[in-house]
Amino acid sequence: MFKDKDIRNLVAIWVVGTLLAFASAALVYSFYSPAAPGGSPTETSPITNWIFQPSTTVAEMVRVNTAWTVAVIFPFLFAPIITLLYIIGRFNEKNNPVPATFHEHLPLEVFWTIVPAVVLVAMAVPAYGVLRYMEKPPTKPDLVVDVVGAQFYWQYTLPKYDVTVTDEGDGKDPLVLPVDKAILLNGQSFQVNHAWWVPAFGVKFDVIPGRINTSWIRTKREGSYKGQCAELCGTLHAYMLIHVNVVPEKEFYQWLKKKGAKFPPEEQEYVAALLGEDVTATALATSTTTNH
Amino acid sequence: MSIILPEPGSDAKGAARPAEAPIYIPAEETPHLHKEYKGILRWLTTVDHKLIGVMYLWFAFFSAFAGGALAGGIRAQLALPILTDGTNATMGLNAGKALLSPELFNQFIGMHASFMIFFAIIPGFAGFSNYFVPLLIGARDMAFPKMNAFAFWLLIPSALLMICSFAFGSTGAGWTGYAPLSTRTYSPNIGVDMWIFGIHLAGVSSIMGAINFIVTMSTMRAPGMKWFKMPLFCWTVLIQSWMALIGTPVLAGVVTMLLTDRLIGTGFFDPARGGDPLLYQHLFWFYSHPAVYIMILPGFGIVSHIMASFSGKHVFGYKGMVYATAFIAIIGFLVWGHHMFSAGMEPWLRAYFGFMTMLIAVPTGVKIFSWLATLWGGSIRFTVPMMYALGFIGLFTIGGVSGVFLANVPFDVQVHDSYFVVAHLHYVLFGGSVMTILGGTYYWFPKMSGRFLDEKLGKIIFWCIFLGMNLTFMPMHWIGLAGMARRIYTYRPEFLDMNRLISCGYLLMLAGGIMLLGNILYTLVAKKRTAGNDPWGVNATQHTLDWETKSPPAPHNFDRLPKIV
Ligand SMILES: [Cu+2]
Ligand SMILES: [Cu+2]
């Protein structure tokens, strides 16, 4: 039924082709090495993503998991396409004038039912590991941010410090987060659906009226990150750009202070030591008034 | 399987009659013979499944051009955008200078999808199903010919409602029409209500068609045609019809709830009144994921016929194909949540929907491997329909593999609502559905019209569409991964080059489409009817009934009802 020589040729082409494809992909990928030193994105650099610049723990895990998925699934992308090309070259009118007559082969059918199922399990198991990690926010996050999507801007509230910033999509008032901290994000909306998406953070969650969608990240790398609303929310959906700066802890507190934060008493001493300034409520009140 | 056409001396029921006597055709089986008009009235009054099928195909063809024109607007806007890099975005101020206003852009994307889904792909397959299911099972017509005509004519007001809705400000909430954006507070235009009524009518049409096909295939198969002797195209239409019958009422229900929310304030989707916007998404996708299979299964059937025909073999693993199709249909109803991975749901539900979605890859893989085994060892003739079928395998495999990636929940969260998803769905719906419709058009054109479409020009058209398709949708994977959201009318400057490339791909496809239209019109007007019963010369191997009758067939299809042994 199947001529052995053809099967052997096909398998050889498939193996060599797949290896070559992976090798060249690895080459290209290393060429665009993500971990280039000093590679923190700035305000003017292009948008970054989880493939080349993973900037949270989740993004790193998704990157590794995706590489694994590519490794197990791509041979199954190449197999039919290479077979198809082989068939086009080999089994045409000219090279094979008399068509074969087989149209059944039960063991073969069982084989190509079982093998993909096994491969899918190999893909699913690690993916569920990542999913569990994504879905288990730390019980004691370092920082809680309430993310509110509105037509057409993002509003962030840091309840612990009573600070609210509004990102109008112009990047003038970005959200600032400390580096290497676990941050809980509570998404809400009071009008229509939006979705908060920063590709380099490996996170996206819809904000939907009537519920709070929680997500979390652990920031790993400083820099200016960009994202945008990922759920159609009306005419100016395209302008709901997201800007997040991830900065060292000291800068983060400086930013908080500038925004008129009310530091909780248990933190005041620590912050004062870090900034070398008094951050008690009264001191802040005077400093903000004098600043104006 | 082999076909026996009864001796001229007897009819299907075995009653002897003189060889030259006219065949007695029971009137209730062929109501279109009651009264026959000429010219345009003939088309307007016909209940002949073949004429209705042809009308469906023309309707689908022109809708595809309308939907394609909308896509052209989208691509023009994205090739010449006012860029925003987040530092100089000035909100609505520069919106007026864009080629399309953001309002219009959002209406274009919603209507592009609505048109392509409800008026191009679904009616396109309905056209082939109407024309060829009765032929392939050896019936004289559909079970309910008048309902068949009614189902078609409902599409006209449906399409008119949607086209006219532009005049009143159509839906700016995308074809998905998510609440609350589509509720009256945020979309006050009556164009949205017209869009909803349009979906209602299209839904009624599709339910009627589904019932008709199920009954026709259940009761009107030729003597001796057991279920497992039915050609694969019929099987796929049968299974598709069951899906449409189960799913479409849910879509009708959810848009009706939206309508009552809008018009009489029921508050199904309004949290302030105890409703839930997420309810809309669950109900909507309960139909709209299966809709993907409603839009592809008959295509699976068509390419099975084409591949077997032009490789000179039988379809490999016929029963496996049937079971795989049925399995896809059943699982297809259990995976709708994969459209909502970022919308917030119970952790275990995300795991469940991800798992079930991966499971669909198994029967889909069975189909792809069976097609390849059909071709393997064959003696392939590279006719135009065969080229579409071969192209389909490659493109659909790519769409299927990106679908497996999307079943991987952590990955899906990254690319959800990005251009990656746009790429994926177009590889499935264009690389899958549209390629099979075009393949079917070339394959059955001689049967439907008695004339051949030009093979040489057909190859040029194929390459325009095939290359244009890849040029358009392949780069979308990349810009989606890089972080470009979908449904945006302006974007960051780093995506400009890719978007211009994509728009070039669109032009290539457009050129192919226009040449195809020209070729079809020219062939119908200027070419002579030359096709015999079996114009492709494939039926010595295939033994399907569509090639056992004249091209085009007589109104009653078969002079003598065939018997299958
Ligand atoms: Cu938005
Ligand atoms: Cu789906």
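Order of the sequence lines sets the chain letters (A, B, ...), proteins ahead of strands, with each chain counted from 1. Note that the coordinates shown come from a computational prediction; the quantities given were computed from them, not determined experimentally.
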**Prompt:** Roughly how far, to the nearest 0.5 Å, is the OG atom of S379(B) from the CZ atom of F91(A)?
**Reply:** 10.5 Å
**Prompt:** Is a side-chain N or O of Q77(B) found less than 3.5 angstrom from the main chain of F105(B), in a donor-acceptor match?
**Reply:** no
**Asked** Of the listed residues (L131(A), I81(A), V130(A), T48(A)), which shares the most heavy-atom pairs with chain B below a 4.5 Å separation?
**Response** L131(A)
**Message:** Which label fits W196(A) and F201(A): parallel for a plane angle under 30°, tilted from 30 to 60°, or perpendicular past 60°?
**Reply:** tilted
**Asked** Considering only heavy atoms, which portion of V413(B) lies under 4.5 Å from any heavy atom of chain A: side chain, backbone, both, or neither?
**Response** both
**Prompt:** Which atoms of N193(A) come close to chain B, meaning under 4.5 Å heavy atom to heavy atom: side chain ones, backbone ones, both, or neither?
**Reply:** both
**Request:** Select one option (side chain, backbone, both, neither) describing which atoms of M484(B) are under 4.5 Å from chain A's heavy atoms.
**Result:** backbone
**Asked** What part of S311(B) is in contact with chain A, defined as an atom under 4.5 angstrom from a non-hydrogen atom: side chain, backbone, both or neither?
**Response** backbone
**Message:** Quick check for you: among A59(A), A124(A), P199(A), P80(A), which has the greatest number of heavy-atom pairs under 4.5 Å with chain B?
**Reply:** P80(A)
**Asked** Hey, which of G275(B), G320(B), G344(B) has the most heavy atom pairs under 4.5 Å with chain A?
**Response** G344(B)
**Item:** Toward chain B, the part of V203(A) with a non-hydrogen atom under 4.5 Å
**Value:** backbone
**Message:** Does any backbone or side-chain atom of Y133(A) lie under 4.5 Å from a heavy atom of chain B? Answer side chain, backbone, both or neither.
**Reply:** neither
**Request:** Enter the distance from M358(B):CE to F355(B):CZ here, rounded to the nearest 0.5 Å.
**Result:** 8.5 Å
**Request:** Find out whether I87(A) and I380(B) are in side-chain contact, i.e. whether some heavy atom of one side chain is under 4.5 Å from a heavy atom of the other.
**Result:** yes
**Request:** Could you check whether the rings of F396(B) and F392(B) sit parallel, tilted or perpendicular, using 30° and 60° as the cut-offs?
**Result:** parallel
